[in-house]
Amino acid sequence: LSNGTVQWQMQNTSGNDIVFNNGATEKVRFPYAGGITFNGDTAAANALDDYEEGTWTPTTNSGWGALTFDGVGSYTKIGNIVHISVHILIDGSGTGSGDTTIGGLPFTPNTTDDFRPAISVYAEKLNTSISTYISGLVDTAALIYIREGGRTDIGSDLGVHFDGGSGIFLQATYTAT
């Protein structure tokens, strides 16, 4: 007992898993190989073996032209699933042009067709109104493209809608490699 806090340490030198039961029912297992499993699952592939929280700094391309931006994002990684959240404020003067992408993702995304991410984007204070939704996708270069809804072609020039004072709120969940 230290300052009213109970401290304990468990060490496994035998090479066996550490198992916690509720009566005869297994609830939690710490496999000797690493990770944690629940409710009697002993499969190594199902062991939760990674958890991390942090911040990341987004990068952007020429879609914002001469505009400068300020943005910081946060992430949570559980296993190979990454959830990111970012707010980017465009603080320069001028007008953007061309594709608008966000890079610098905290982990490399799995970009095969079976693993496309879920992305939610909201843009504020655009210099012209957009009548369709804004959507995003991650390509094989680990970039999130933000385009006008219904458009998939390169050069979808969403950048022309941004100027100083515009901003983007983005959340995405993707599978890391």
Any side-chain heavy atom of [X] within less than 4.5 Å of one from [Y]?
X    : Y    : answer
K27  : N39  : yes
I88  : P58  : yes
T59  : I102 : no
I84  : I144 : yes
Y75  : E53  : no
Y174 : L105 : yes
T37  : P31  : yes

Quiz prompt | Spatial distance of atom CD (Q171) from atom OG (S85) [nearest 0.5 Å] | solution =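 It is 4.0 Å, given to the nearest 0.5 Å.
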Practice problem: Sequence neighbours left out, what passes salt bridge (Lys or Arg N to Asp or Glu O under 4.0 Å) with D49? Give chain and number order. | Solution: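 For D49 there are no salt bridge (Lys or Arg N to Asp or Glu O under 4.0 Å) partners, ignoring immediate neighbours.
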Practice problem: Output all residues satisfying salt bridge (Lys or Arg N to Asp or Glu O under 4.0 Å) with D17, sequence neighbours left out; order by chain, then residue number. | Solution: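 Here the qualifying residues are R29.
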Quiz item: Taking the six-membered ring for Trp, are Y122 and F169 parallel (under 30°), tilted (30 to 60°) or perpendicular (over 60°)?
Solution: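 It falls in the tilted class, 30° to 60°.
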Could you see if [X] belongs to whatever hydrophobic cluster contains [Y]? Use Ile, Leu, Val, Met, Phe, Trp, Tyr and a side-chain cutoff under 4.5 Å.
X   : Y   : value
I36 : I78 : yes
L89 : V72 : no
I81 : Y51 : no
L48 : F20 : yes
I18 : F38 : yes

Self-check item: Verdict with supporting geometry, I119 and L170, side chain to side chain contact (heavy atoms under 4.5 Å, CB included)
Solution: CA-CA 7 Å; I119 299 174; L170 181 139; 4.2 Å; yes
Practice problem: Under the side chain to side chain contact (heavy atoms under 4.5 Å, CB included) rule, what do F30 and V19 come out as? Steps first, then yes or no, please. | Solution: CA-CA 6 Å; F30 293 91; V19 180; over 6 Å; no
Quiz item: Are T173 and H83 close enough that a side-chain donor and a side-chain acceptor fall under 3.5 Å?
Solution: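 Yes - a donor-acceptor pair under 3.5 Å links their side chains.
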